[in-house]
Structure formats: structure tokens, C-alpha cells
Visitor: 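Below is a structure I'd like to ask you about.
The chain is numbered in sequence order, starting from 1.
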Amino acid sequence: MDVHDYASACIYLITVTTEGRKRILGSLVGDSASTAAIEPTALGSYVAEAFRQTAAETTKKTGCRIQVLHYQIMPDHFHGILYVRDTLPADYALGKIVAAWKSSCSHAFWHVSLSSAQNFSVEKIPLFSRGFNDRILFRKGQLQTWIAYLNDNPRRLWLKIHFPNRLHKVYDFKAGKRGHEYTAVGNTFLVTYPERIQVRCHRNLTEKEIQAEVNKYLREARRGAVLVSPFISPAEKAVYKACYEEKLPMIHIVNRGMDGKFIYPSGRDLTGCSEGFLLVLAPYADYSEETSAARITRAQCLNMNDFAEDLASAALKCSELDEDF
């Protein structure tokens, strides 16, 4: 991120990939998405331990507190959450910490390669590809979202392996009357369904009114309509939950960029995409003004509802339909 000071006190989500995306850090085990886990190799275990050791050594060297909050080993990449608690020296910013850790991992990789080689002519290729991906913590609740995301990685990998076509990311996906470009994951055919209805509910509804809205939209979805919404208000969230439980078709517009190399829908959205009844559309770019905001604004809510309206085919919104229609 060009405008960020990487020597400042901050929490970062670091991701690195193995050179050539070699699956040498671990293997996926488990016979279902719910039992999926990563069994690390000896090299993978070393990578995790080196991540912790590098943080501790940086603290000793600079006097600045560096803490590892969480990590996740994957077969061909590694995620780690690093908490830089104090401002680092200008000449020892985040990039230098990551470089020291990657160098240590490469030396361990070369040692393993030489030990298993028949001769001593093994080329010293780095373990990890050049550079790293970082995400910066900006808003409340983001840390727990990151930790849940890391923990969910094995399940996500299992789904991607078993449902590759449904979880293919489509960039510059044009949809709607205005032809806006989205990053899309899921069942892209949902935008071609003849009836697509925008879900838009007022924020200040009673529980009884929310249930009435849920029943109304459920009836339309059961008839074959695709529901389109950012699902922001409590009533809209209730509609999403009810339709999700019945696996009814929905298009979910999200307020975060998915063009980042490692960013996919999370939680229920990913499962819904893998099962074919959900399409997730990201109208904003990763690290844009909209996605880096501390919290969603009213203007952004209105903008996302405009996208939903543009994607809807029905002239009348479902909330305007008569109960007995």
C-alpha cells in the first residue's frame, strides 16, 4: 500500500507462496470439507517456527515488540498475522523482517534438498517466490475475521479441489444494465435468470415486520426468482439467512475487493458458491477507498443498493409486491 508507513506500529496479515507454487509445506487431509486439515511437512513446521523466531529476534535486535498472533500452513503458501507493537527503526521496516524470515526458510530448504540429493549440485532456488502479500488491519473486528479466515483455509482448499469450476474467480465480469465490472465468484449464470429481484429493507423494522419481509422474499425465491442485495440491514441479513438455509439462488454484493490474489469469499458465501446457489460480486477494487474505510458509510450502502437495483430485472421491488401477488 503506497501511502502506508511500514515501520509504524500495526497489525499485518502476511502471505508468501512457495517458488513455482510447489506443494511442499504440507498436505491436505480429511475426507470432507468439515474434516479438512493440513498436515505440515518437516519443512512446513520449520517455516512456522522460523516465523515465531524471527519475531522474537527482531524484538531483541530493535527493542521493538513484535508478536505473532496466528498463522496457517498451507501446502504451497503460508499466512501469518504479525503484530508490530512499537514503531520500528526506519531502516528495519516490515519488508526487512519478512526478508530475514524468508532467507532462514530458504537455507533450511537447501539443507533438506542437499540431504536428500544423490550429489551436491542442487541449485539453490529460494523456497518462496519474490516479495510478499500484506493486508493491513484498519477496522474493529478485522483481526477476528482474519483469524477465522486462516482457520478456514483447509476447508476452502478442499472445496476448491472438489468444486473447481464453481470457485473460479472471474475478473472484469460485466453485468447489469450499466455493464459495471465486478470481480465474481460463484454461479455467474444467476445474472442471466429472467427474474432477479432486489432485496431492500428498512433498517428500523420490528421483529414482526422483519419476519414478514423474510416470508415475502422467501416466497419469491421459492418461485425461482434470484434475490440480489448487499444484505446489510438486519431484515436483509434475515432474508439471506433464510434463503441460505434452503439453498435458494442469491447474488450477494460485497463491500470488499476480491481482486487480490489470495482473497475469496469467506464463510457461508464460499460454501454457497461451491454448492452453486450463490454468486458473490465485488464492485470495488482491493484497497480502494471503499474497501479500506474503517466502517461502511451510508453513501456506500446507497451505492451498493444501486448496484443491486441495476442487476435486478423486475420493475417492481419485492417489498412493493402485494402479499397475495
Side-chain angles (χ1 to χ4, degrees), residues 1-19 47-74 77-107 126-153 171 183 254-264 266 282-300 303:
M1 191 175 184
D2 293 337
V3 298
H4 181 72
D5 178 7
Y6 282 91
S8 63
C10 199
I11 297 179
Y12 301 95
L13 170 56
I14 307 297
T15 301
V16 294
T17 60
T18 58
E19 185 67 38
V47 165
E49 180 58 31
F51 192 67
R52 289 191 291 266
Q53 287 297 321
T54 300
E57 289 167 8
T58 302
T59 296
K60 290 180 182 178
K61 187 176 294 185
T62 65
C64 302
R65 294 169 296 169
I66 312 294
Q67 183 179 353
V68 173
L69 299 181
H70 204 65
Y71 68 86
Q72 176 65 57
I73 302 168
M74 297 299 289
H77 65 279
F78 178 90
H79 297 291
I81 300 176
L82 204 61
Y83 185 9
V84 180
R85 299 178 66 110
D86 304 304
T87 301
L88 294 163
D91 61 348
Y92 216 97
L94 179 68
K96 193 162 185 176
I97 298 172
V98 175
W101 165 59
K102 290 175 66 179
S103 176
S104 172
C105 294
S106 288
H107 280 85
L127 172 60
F128 294 116
S129 56
R130 184 178 176 84
F132 61 95
N133 177 275
D134 68 88
R135 298 190 69 79
I136 303 166
L137 190 140
F138 286 113
R139 50 188 175 268
K140 184 179 180 180
Q142 195 173 7
L143 177 59
Q144 292 307 314
T145 299
W146 283 358
I147 291 173
Y149 166 75
L150 264 58
N151 291 339
D152 196 40
N153 260 241
Y171 298 98
T183 302
V254 296
N255 67 320
R256 64 190 186 95
M258 289 199 302
D259 51 312
K261 188 175 181 180
F262 303 100
I263 309 303
Y264 278 82
S266 57
Y284 310 118
D286 192 33
Y287 277 135
S288 63
E289 181 180 350
E290 293 86 357
T291 59
S292 62
R295 62 177 60 186
I296 191 168
T297 64
R298 173 172 170 75
Q300 192 176 348
N303 191 31

Visitor: Any chance you could measure Ile97, atom CD1, to Tyr92, atom OH, to the nearest 0.5 Å?
Guide: 6.5 Å
Visitor: Return the set of residues passing ring-ring contact (aromatic ring centres under 6.0 Å, His included) with His70 (not counting sequence neighbours), or none when no residue passes.
Guide: none
Visitor: Pair Leu69, Trp146 - check side chain to side chain contact (heavy atoms under 4.5 Å, CB included), show working.
Guide: CA-CA 11 Å; Leu69 299 181; Trp146 283 358; over 6 Å; no
Visitor: Answer whether the closest heavy-atom distance between the side chains of Val68 and Leu82 falls below 4.5 Å.
Guide: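 Side-chain contact under 4.5 Å: yes.
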Visitor: Taking His77's backbone N and O only, do any of them form a donor-acceptor pair with Thr17's side chain (distance below 3.5 Å, no angle check)?
Guide: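 Flag not set: sc Thr17 to bb His77 has no pair under 3.5 Å.
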Visitor: Go through it in stages, so that I can follow the logic: the residues are Thr15 and Phe132, the test is side chain to side chain contact (heavy atoms under 4.5 Å, CB included), and I'd like the CA-CA distance, side-chain angles, deciding distance and then a yes or no.
Guide: CA-CA 6 Å; Thr15 301; Phe132 61 95; over 6 Å; no
Visitor: Any chance you could measure Gln53, atom CD, to Trp101, atom CH2, to the nearest 0.5 Å?
Guide: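 Here the rounded value is 13.5 Å.
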Visitor: Measuring from atom OG1 of Thr183 to atom CG of Asp259, what distance do you get when rounded to the nearest 0.5 angstrom?
Guide: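 Reported value, rounded in 0.5 Å steps: 5.0 Å.
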Visitor: May I have the step-by-step check of side chain to side chain contact (heavy atoms under 4.5 Å, CB included) for Arg52 and Tyr71, ending in yes or no?
Guide: CA-CA 10 Å; Arg52 289 191 291 266; Tyr71 68 86; 3.0 Å; yes
Visitor: Write out all pairs satisfying salt bridge (charged side-chain N to carboxylate O under 4.0 Å, His left out) with one or both partners inside residues 92-104, taking only residues at least two apart or from two chains.
Guide: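 Every pair satisfying salt bridge (charged side-chain N to carboxylate O under 4.0 Å, His left out) with a residue in residues 92-104: there are none.
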Visitor: Show the nearest heavy-atom pair for residues Val16 and Gly131, with the distance to one decimal.
Guide: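 Taking every non-hydrogen atom into account, CG1-O, 4.2 Å.
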Visitor: Please step through side chain to side chain contact (heavy atoms under 4.5 Å, CB included) for the pair Cys64 and Val84, ending with a clear verdict.
Guide: CA-CA 8 Å; Cys64 302; Val84 180; 5.8 Å; no
Visitor: Nearest 0.5 Å, what's the CD-CG distance between Gln72 and Leu13?
Guide: 11.5 Å
Visitor: Less than 4.0 Å between a side-chain N and a carboxylate O, is that true for Glu57 and Lys60?
Guide: no
Visitor: I'd like to know if the side chain of Thr145 and the backbone of Gly141 have a donor-acceptor N/O pair within less than 3.5 Å.
Guide: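 Side chain of Thr145 to backbone of Gly141, a donor-acceptor pair under 3.5 Å: yes, one is there.
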Visitor: Report yes if some heavy atom in the side chain of Ile263 is under 4.5 Å from a heavy atom in the side chain of Arg135; otherwise report no.
Guide: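 The answer is yes; the side chains approach within 4.5 Å.
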Visitor: Measure from the side-chain N and O atoms of Thr59 to the backbone N and O of Ala55, and report whether any donor-acceptor pair falls under 3.5 Å.
Guide: yes
Visitor: Which distance, rounded to the nearest 0.5 Å, do you find between the OG1 of Thr54 and the CD1 of Ile66?
Guide: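 Nearest 0.5 Å value for the OG1-CD1 distance: 11.0 Å.
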Visitor: I need the minimum non-hydrogen distance between Leu127 and Cys105, along with the two atoms involved.
Guide: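 Residues Leu127 and Cys105, closest heavy atoms: CD2-CB, 3.7 Å.
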Visitor: Does some side-chain heavy atom of Tyr12 sit less than 4.5 Å from a side-chain heavy atom of Leu137?
Guide: no
Visitor: Return the minimal non-hydrogen interatomic distance between Arg256 and Ala282, and the atom names on each side.
Guide: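 Closest approach of Arg256 to Ala282: O-CB, 3.3 Å.
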Visitor: Looking at His79 and Asn153, what are the two nearest heavy atoms and their distance?
Guide: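 So the two residues come closest at NE2-OD1, 3.2 Å.
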Visitor: So how far is it from Ile147 CD1 to Ile81 CD1, rounded to the nearest 0.5 Å?
Guide: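 One finds 5.0 Å between CD1 of Ile147 and CD1 of Ile81.
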Visitor: Hey, are the side chains of Val98 and Tyr6 touching, using non-hydrogen atoms and a 4.5 Å cut-off?
Guide: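 Side chain of Val98 against side chain of Tyr6, heavy atoms only: no contact under 4.5 Å found.
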Visitor: Kindly give the heavy-atom pair with the smallest separation between Pro89 and Ala7, and that separation in Å.
Guide: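 Nearest heavy atoms, Pro89 then Ala7: O-CB, 4.1 Å.
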Visitor: Around atom NE2 of His4, are there more than 12 heavy atoms of other residues, nucleotides or ligands at under 6.0 Å?
Guide: yes
